[in-house]
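Report on the structure given below.
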Amino acid sequence: MNFLLPLTGSFAQPAAENPTVAMIEAAYRHHGLDWRYINVEVSPDDLADAVRGARAMGWRGFNCSIPHKVAVIDHLDGLGKSAEIIGAVNTIVRDGDRLIG
């Protein structure tokens, strides 16, 4: 049994009422993925530390809710085409050592 499960999650403020965790974990179970999705309360002042923490802990990806969708761009290694056009990011994925919005 592997007790080191892949982590994903959401950085938001407020985070407590975000139902995404229930939906995403249900999708993981449906697809046979033993992954975890964690809602994390992150203030704007702590966003850089949160992104560094996710990177250091090997998170596979995370979502950003308000108020982080624009500010997170400064902490990423690159953007997909739609994020470049929109100028905001909802989802960040790990690509090797890079975090791409």
Side-chain angles (χ1 to χ4, degrees):
M1 180 169 247
N2 181 2
F3 293 103
L4 184 61
L5 303 176
L7 295 177
T8 61
S10 174
F11 295 166
Q13 188 179 44
E17 65 272 3
N18 185 346
T20 307
V21 65
M23 296 182 286
I24 298 295
E25 289 220 342
Y28 288 164
R29 284 189 303 275
H30 175 78
H31 291 286
L33 296 171
D34 200 10
W35 289 30
R36 295 295 173 261
Y37 187 94
I38 303 166
N39 280 337
V40 182
E41 182 92 18
V42 176
S43 73
D45 291 340
D46 294 327
L47 181 60
D49 289 335
V51 173
R52 279 192 296 275
R55 186 187 301 273
M57 291 184 287
W59 281 36
R60 301 291 178 93
F62 54 94
N63 297 36
C64 280
S65 294
I66 293 175
H68 306 310
K69 293 179 179 285
V70 174
V72 74
I73 292 171
D74 291 339
H75 309 290
L76 303 177
D77 301 307
L79 297 176
K81 192 66 161 174
S82 62
E84 287 178 1
I85 292 168
I86 295 168
V89 171
N90 182 64
T91 304
I92 294 89
V93 296
R94 179 178 291 275
D95 182 15
D97 291 333
R98 296 169 35 99
L99 293 177
I100 307 298

Q: Return the set of residues passing salt bridge (Lys or Arg N to Asp or Glu O under 4.0 Å) with Arg94 (not counting sequence neighbours), or none when no residue passes.
A: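 Result, salt bridge (Lys or Arg N to Asp or Glu O under 4.0 Å) vs Arg94: none returned.
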Are any non-hydrogen side-chain atoms of [X] and [Y] less than 4.5 angstrom apart?
X     : Y     : result
Phe62 : Val51 : yes
Cys64 : Val89 : no
Asp46 : Phe11 : no
His75 : Ile92 : no

Report the distance from atom [atom1] of [X] to atom [atom2] of [Y], rounding to the nearest 0.5 Å.
X     : Y     : atom1 : atom2 : result
Ser10 : Ile38 : OG    : CD1   : 11.0 Å
Met57 : Arg52 : CE    : CZ    : 12.0 Å
Leu33 : Ile24 : CG    : CD1   : 11.0 Å
Ile66 : Asn90 : CD1   : CG    : 10.0 Å
Ser43 : His68 : OG    : NE2   : 7.0 Å
Leu99 : Leu79 : CG    : CG    : 11.5 Å

Q. Quick one: which of Asp95, Asp49, Asp97, Asp77 gives a salt bridge (Lys or Arg N to Asp or Glu O under 4.0 Å) with Arg55?
A.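 Result for salt bridge (Lys or Arg N to Asp or Glu O under 4.0 Å) with Arg55: Asp77.
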Q.
Is it the case that the side chain of Gln13 and the backbone of Pro67 share a donor-acceptor pair, with hydrogens and angles ignored and the cut-off at 3.5 Å?
A.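 No; judged by distance alone, with no hydrogens or angles, the pair does not exist.
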Q: Without swapping roles, check the side chain of Thr8 against the backbone of Arg36 for a donor-acceptor pair under 3.5 Å.
A: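 Here the side-chain-to-backbone pair exists.
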Q.
Side chains of Thr20 and Asn18 only: does a donor on one sit below 3.5 Å from an acceptor on the other?
A.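 Note: Thr20 and Asn18 side chains meet the donor-acceptor criterion.
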Hydrophobic cluster membership, [X] vs [Y], 4.5 Å side-chain cutoff:
X     : Y     : answer
Val21 : Val40 : no
Trp59 : Tyr28 : no
Ile73 : Val42 : yes

Q) How far apart are the closest heavy atoms of Val70 and Ala88, and which atoms are they? A)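 Minimum heavy-atom separation between Val70 and Ala88: CG2-CB, 4.1 Å.
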Q: Search all heavy atoms of Pro14 against all heavy atoms of Ala12 and return the closest pair with its distance.
A: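 Scanning both residues, the minimum pair turns out to be O-CB, 3.5 Å.
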Q. Any chance CG of Asp74 has more than 12 other-residue heavy atoms, nucleotides or ligands included, within less than 6.0 Å?
A.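 Above 12, so yes.
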